[in-house]
Chemist: 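Sharing a structure here in structure tokens format.
Computed over heavy atoms, backbone and side chain alike; hydrogens, waters and symmetry mates excluded. Letters A, B, ... mirror the listed sequences (proteins, then strands); counts begin at 1.
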Amino acid sequence: MMRLPARPVLLWLIGLALCAGIALRANYTADMSAFLPRSPTPAQQLLVDQLTEGVLSRLLLVGIEGASPEARADLSRQLAKRLDEGGLFLSVRNGDAATLARDRELLFTHRYLLSPAVSPGRFTTEGLHDAVEASIDLLASPAGMVLKGLLSHDPTGEMMELIGSLDTSGSPASQHGVWASRDGRRAILMLQTRASGSDTDAQAAAITRIRDDFAALARQAGHPEARLLVSGAAVFAVNSRSAIESEAVRLTTLSTAAVISLLLLVYRSFTAVLLGLLPVASGALAGIAAVALGFGGVHGLTIGFGTTLIGEAVDYTIYYFVQSDGKDEGSWMERFWPTIRLGVLTSIFGFASLLFSGFPGLAQLGLYSIAGLITAATVTRFVLPHLRPAGFRIRDIAPVGIALSRFWNQLSRGRLVIPVLAIAAVVVLVTHRDHLWSASLSGLSPVSAADQALDQSLRADLGAPDLRYLVVLKAADREAALRAAEAVGQRLDTLVRDGALGGFETPARFLPSVATQTARQQSLPERSELARRLDAALADLPLRPGKLSAFLDDVEAARRQPLLTPEALKHTTLALAVDSLLLERPQGWTVLLPLRAPAGDTPLDPLRIQAALAGSDALFVDIFGESNRLYQTYLDEAILLSLAGILAIVVLMAVALRRPARLLRVMIPVVTAELIVMAGLALGGQALTLLHLVGMLLIVAVGTNYALFFDRADSNPGDDPRTLASLLLANLATVIGFGALAFSPVPVLKAIGITVGPGAVLTLMLSAMLVRRSPR
Amino acid sequence: MTAHRLARTFTFALALLLAATPALAAWDIPQLMTELARNQGGRALFTEKKYIALLDKPVVSSGEMRYVAPDYLEKRTLKPRAETMILDRDQISLERGKQKFTLRLREQPEVLAFVASIRGTLSGDRAALEQNYALFLSGNRDNWTLNLSPSNPRIAELVTRITIGGSRQQVRSVEYLQADGDRAVMSIEPDDAR
């Protein structure tokens with residue numbers, strides 16, 4: 001007859017099945033979402049929108065380095081052609097002559113709809129006289145040479161008005177007919193993917209296409225030394241996704257293998273290792289299920305973090321196996337379980353504070369760890385005893401403990417080192433206080449510093465506008481948005497005239513509102529009337545009206561020409577200028593007007609801009625300030641959460657330990673370890689981010705587990721070689737778990753790893769030093 | 001977009017400007033170059049006439065210019081409208097009313113070639129000149145003419161010939177024949193009094 005499994009085992013199996021079901025159906029992501037704020041301000045929402053959906057998220061910057069300038073220009077042209085035909089890109093631009101000619105053609109044929117100078121007054125006799133005279137004067141200047149060829153078509157100089165309003169200092173440099181970097185070492189292309197920024201798979205395919213096409217072209221052309229550089233939000237998304245995915249697998253495999261080896265080495269029993277891993281596996285599964293339920297999806301980062309759970313949860317079984325070995329099980333429960341329970345609770349209190357983080361990635365880690373730890377501890381306590389085969393034994397590790405206890409006793413003689421170390425650490429921290437903290441949000445970003453540097457350098461090459469200051473407008477439809485942009489543009493023009501503003505970009509420059517275009521069109525006089533006025537206007541000028549019939553033809557055509565639409569801008573460089581500044585959002589249209597600070601050292605005065613915008617719906621945004629504020633919010637929040645977490649742990653232990661002296665003995669090693677770790681990071685030149693702060697919290701949450709064992713009232717581990725050995729083993733497992741993270745290139749994981757790994761070891765050592773010498 | 005074209009026409013005028021700088025004249029080319037290399041700079045007044053097919057009479061402009069060896073050149077137009085053009089090392093800037101264009105020569109190899117050639121005249125660097133121009137010197141010491149004929153097709157697209165006339169050490173005129181038949185003539189009067 002088959003014996004039914006005990007009730008706890010049955011419940012455990014049902015729970016496992018449920019969790020497995022949830023985990024299998026869960027939605028796994030590895031995108032940038034975990035790094036973006038959860039409840040942003042309107043300005044932050046704008047940033048996030050741009051990052052995930054906006055034109056900027058589709059923008060890829062490509063550089064070609066190596067080879068000769070001619071070869072680079074050639075490769076740039078061939079690559080542009082091939083990518084344009086490939087269909088994955090909305091636009092491919094490299095500044096070649098054909099595109100420039102298209103831009104010019106479009107501006108020229110629409111000059112009377114686009115030129116801000118076109119008004120009824122421009123076409124009166126006086127207006128014409130003044131405009132033509134100014135054009136002739138301009139011929140004396142080298143700048144007027146552009147105009148010379150156009151004079152018979154454009155005697156009023158509308159094309160010059162348009163060019164004059166372009167920001168020529170910001171346009172990319174050109175070399176051998178294509179865009180090049182300012183130092184002439186790279187050819188530059190600008191691509192816009194068809195796929196939206198949030199479709200990471202499609203973005204990855206587009207990036208692969210660029211690399212493949214380039215490799216093929218460079219080979220064909222015999223320029224193997226030519227190198228390709230690709231940057232842009234999509235590259236960041238794709239790179240960090242693959243980094244996170246491969247990290248999750250690599251870290252978990254690495255630390256699992258290390259922990260299993262360690263356990264095998266110590267237990268010398270496969271059964272023991274297998275049993276020992278059961279609570280861990282249950283915990284990981286429960287953690288994933290909890291996150292899937294709580295967040296609607298599991299981030300790859302969370303799985304990567306799971307490695308720490310392996311390190312920590314395996315501690316419980318280590319204590320159980322080692323400490324109860326050869327003893328009555330009930331007595332283990334009685335003697336050690338309360339200590340372990342308190343340890344689990346402190347860890348949970350620590351991780352619980354992450355739950356409230358506005359940084360979704362951290363909140364997931366918190367929930368995952370809490371669910372995992374509770375499950376692992378529960379399984380160890382209630383299920384494992386039922387699964388333990390009769391006569392199960394592991395290798396007695398008491399000899400290790402005995403050997404250790406000598407060392408431990410030595411250590412405890414050196415307890416005076418603790419205050420010395422603590423003071424030294426404080427001195428280091430005080431001397432480094434000015435650059436202790438990382439000052440920007442970039443410390444959080446999964447994008448590597450090298451990727452960021454490349455992006456900045458390509459952006460600078462392209463002369464892409466510095467998007468620090470923006471005026472933002474919202475409107476119900478495109479026409480309203482463009483009209484609002486024109487109205488705000490007039491206010492900003494006043495500031496430009498007064499020198500308070502260097503200039504600004506507006507989508508209405510190349511796509512004026514229908515109202516404005518119509519007004520300009522209606523200010524053009526009818527042909528015979530224009531001819532009559534022109535005769536009078538040219539009376540005292542050296543230009544005969546007979547030479548200007550092309551002008552009369554062009555104005556007549558402009559009176560009847562269809563208005564300029566976004567479709568008409570397609571395939572020109574101007575479309576990007578409009579598309580990136582005029583965004584259609586689900587809730588309406590948004591206009592961005594990037595501002596340029598006045599020339600020279602005069603900084604832009606936000607108050608003056610705000611005053612000029614008063615009364616309109618326009619919002620002035622300082623992106624740099626906004627992202628710094630965002631970081632500050634995160635940092636403040638992390639400080640608050642960490643303090644709250646630490647306070648909760650201290651209160652919990654104060655209640656459990658009852659006597660202040662005991663509390664002190666547990667806290668001194670932990671606090672000293674914190675100080676030493678922070679000082680070590682500062683000495684190593686590592687600027688602390690809020691993630692290190694979270695790491696500090698976890699040192700308290702994890703480190704106290706070890707300190708608690710040394711404080712047990714009835715005995716101390718120095719007297720009990722088995723307990724001592726189990727502590728060391730458990731500590732090693734934890735260090736492996738967190739330590740593995742220290743080698744991760746993902747900043748979130750790395751910061752936590754390099755903080756908690758050393759912190760855990762230090763806490764154990766320092767706790768051992770403080771151990772009470774038992775009377776012999 | 002048009003910045004490129006603008007740049008080229010720009011250098012166009014620049015050639016005129018640079019070539020027109022007061023310099024010590026010499027008889028044969030090597031001697032002329034040696035004399036030019038010694039030129040430390042100076043001031044001059046200029047009058048420029050542009051003959052443009054479309055217009056009944058030439059466009060006349062005038063102002064003053066200043067050269068400081070080896071690479072600073074300033075042309076300050078006073079009439080008909082104020083405008084300042086400055087070549088400073090590898091940067092050309094043009095300021096006219098509120099508008100200001102700046103161009104780095106490094107970014108425009110053709111422009112750089114153009115400017116380098118003219119700089120060659122100023123600094124007496126014959127080798128640099130002959131990279132882009134064929135040189136012909138005629139006349140005598142008191143009335144010489146240096147013809148620069150572009151050998152670089154990119155420059156030839158814009159200008160057919162640059163003719164610099166002078167007497168002894170003094171450049172008196174620069175004529176600039178454009179590919180479209182229009183021409184510009186600049187006459188220069190040294191202003192050493194100042």
Chemist: A/D137 pairs by side chain to side chain contact (heavy atoms under 4.5 Å, CB included) with which of B/R81, B/E83, B/K79?
Modeler: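 Of all the options given, the one that passes is B/R81.
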Chemist: When you compare the side chain of A/L541 with that of B/L55, does any pair of heavy atoms fall below 4.5 Å?
Modeler: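 A side-chain contact is absent here, since even the closest heavy-atom pair is not under 4.5 Å.
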Chemist: If you count heavy-atom pairs under 4.5 Å between each of B/P80, B/P58, B/A53 and chain A, which one has the most?
Modeler: B/P80
Chemist: Looking only at heavy atoms, which two atoms of A/A140 and B/V59 are closest? And how far apart?
Modeler: CB-CG1, 3.8 Å
Chemist: Under 4.5 Å from any heavy atom of chain A, what part of B/I52 do you find: side chain, backbone, both or neither?
Modeler: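 Side chain only.
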Chemist: Compare all side-chain heavy atoms of B/D56 with those of A/L543 and state whether any distance is below 4.5 angstrom.
Modeler: no
Chemist: How about CZ on A/R491, more than 12 heavy atoms from neighbouring residues, nucleotides or ligands closer than 6.0 Å, or not?
Modeler: yes
Chemist: Within a radius of less than 6.0 Å around NZ of B/K49, do more than 12 heavy atoms belonging to other residues, nucleotides or ligands occur?
Modeler: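 No, because the 6.0 Å sphere around NZ of B/K49 holds 12 heavy atoms or fewer from other groups.
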Chemist: With distance as the sole test, does B/K57 use its side chain to make a donor-acceptor pair with the main-chain N or O of A/P542 at under 3.5 Å?
Modeler: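 Not at all, since once roles are kept as given, no pair shorter than 3.5 Å links the two residues.
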